[in-house]
2 protein chains.
Amino acid sequence: MKLTSKGRYAVMALVDLARFDNINPVSLRDISLRQGISLDYLEQIFSKLKKDQIVKSIRGTQGGYVLSKKPNEIKLTNIFHAVDEKVKTVQCKKESKKGCNGKATKCVTHNLWDELETHINTFFEKKSLEDLLKNNIEQRT
Amino acid sequence: MKLTSKGRYAVMALVDLARFDNINPVSLRDISLRQGISLDYLEQIFSKLKKDQIVKSIRGTQGGYVLSKKPNEIKLTNIFHAVDEKVKTVQCKKESKKGCNGKATKCVTHNLWDELETHINTFFEKKSLEDLLKNNIEQRT
DNA sequence: ACATACCTGACTAAATTGGTCAAGTATAGT
DNA sequence: ACTATACTTGACCAATTTAGTCAGGTATGT
Ligand code: FES
Ligand code: FES
């Protein structure tokens, strides 16, 4: 079970954005430099974040990105959903009545993984960007 | 974030084992057939489970595997540890003082991922094989 | 005009996963 | 003693996923 860079970077970038977008739009180049993430990769990520209306883009010189909602309205769930970082614990198709390997019934561990998935998603639903900002400010004092 | 088959199969196989090892040792061939897992793959998994003393092996005809502890003493943590299914959320080396990409300080999301890791591990520490057995019996009634 | 910075799609090297295959060794039953 | 069963070990591999790079664009403020 591991987190992918896409999800990790998306959150890092958004925290960075949330800290600096009060004054001006923030360019991906700045985020790239501050957070040490490849610019080209960031562009892929932000195109997805934009599609899910988590950020807005402003083109041209002095352009960049801005959050399109307040930090407390952006949950980790929303971010992860946008960049396709999904939590997948079961092997079977959840909606289908069939089990893992095409068997007729769900396997002996199905309920367990389903519970795990819920457990993890609860965490993502609770945490918002705002929580992360607070945490970060505390660290800097 | 997804679970790998190794961890999933390990738990499936152990639940199967726990259900049938009261009378005789259970052969991997039986588990393979009942659970629909490749025999060769099961062998890899069980060699790891054995190394961590979760199961005992009995060779020869009528041989097989037996749990080496009671079901309520075998937590998911133990199983996952045995088969190297680890929860890895941070990118950096946890013990090191350095951050993700070799930076001097921990990144803005480090604490978050660390919290998540704890959150998930808590789940694994609580659940034992016995819990799964109960759940399964309930289903069969 | 021109620099900045968003936008898009194709491509790829490396790692991981989910196995298979081959060649053993130990033991119970006949 | 022979043989079938079943554990044991290690090498190998195809397919997928990941974590990017690269090469072009397009819009806009100055
Ligand atoms: S995980 Fe859903 S049936 Fe096995
Ligand atoms: S995850 Fe540990 S420093 Fe970024």
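All values reported here derive from a predicted model rather than from experimental measurement. Chain A is the first sequence line, chain B the second, and so forth, proteins listed ahead of strands; every chain is numbered from 1.
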Distance, rounded to the nearest Å, where [X] contributes [atom1] and [N] contributes [atom2]:
X	N	atom1	atom2	result
A/I37	D/dT18	CD1	C1'	15 Å
B/N24	D/dA6	CG	P	11 Å
B/L49	D/dT9	CG	P	14 Å
A/K48	D/dT18	NZ	C1'	12 Å
B/I45	D/dT9	CD1	C1'	16 Å

A/K127 vs B/E115, salt bridge (charged side-chain N to carboxylate O under 4.0 Å, His left out): CA-CA, chis, key distance, verdict:
CA-CA 11 Å; A/K127 291 278 173 186; B/E115 234 182 284; 2.8 Å; yes
side-chain hydrogen bond (donor to acceptor under 3.5 Å, both in side chains) pairs, two or more places apart, involving residues 54-78 of chain B:
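Found B/K50-B/S57.
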For chain A and DNA chain C, what are the first and last nucleotides along the strand, 5' to 3', with at least one atom under 4.0 angstrom from a heavy atom of the protein chain?
C/dA3 to C/dT16
Among B/I54, B/V55, B/V66, find the residue that satisfies the side chain to side chain contact (heavy atoms under 4.5 Å, CB included) test when tested with B/L17.
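It is B/V55, the one option of B/I54, B/V55, B/V66 that forms the side chain to side chain contact (heavy atoms under 4.5 Å, CB included) with B/L17.
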Taking side chain to side chain donor-acceptor pair (under 3.5 Å) as the definition, give me every residue that meets it alongside [X], ordered by chain and number, with sequence neighbours left out.
X	answer
A/D114	A/K94
A/N24	none
A/H110	none
A/T89	A/E117

Counting any heavy atom closer than 4.0 Å, what does [X] reach on the DNA or RNA strands: base, sugar-phosphate only, or nothing?
X	result
A/S27	sugar-phosphate
B/V55	nothing
A/F46	nothing

Distance-minimising heavy-atom pair for B/F46 and B/A13:
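Nearest pair, atom of B/F46 first, then B/A13: CE1-CB, 3.6 Å.
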If only atom types and distance count, is the side chain of A/S32 paired as donor or acceptor with the main-chain N or O of A/L28 below 3.5 Å?
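Not at all, since once roles are kept as given, no pair shorter than 3.5 Å links the two residues.
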Angle of first-five versus last-five pair axes in the helix from C/dA1-D/dT30 to C/dT30-D/dA1, to 10 degrees:
10°
For [X], check side-chain contact (heavy atoms from CB on, under 4.5 Å) against everything at least two apart and list the hits.
X	result
A/K6	A/T4, A/Y41, A/Q44, A/I45, A/K48, A/V83
B/P71	B/L67, B/L129, B/E130, B/L133
B/D30	B/V26, B/S27, B/R34

Where along nucleotides 20-30 of chain D does protein come under 4.0 Å, by heavy atom, of base (B) or sugar-phosphate alone (S), with - for untouched nucleotides?
BBB--BBBBB-
Tabulate atom names and distances for all N/O pairs under 3.5 angstrom spanning the protein and nucleotides 13-15 of chain D.
none

Measure the CD-CG distance between A/Q35 and A/L14 for me, rounded to the nearest 0.5 Å.
10.5 Å
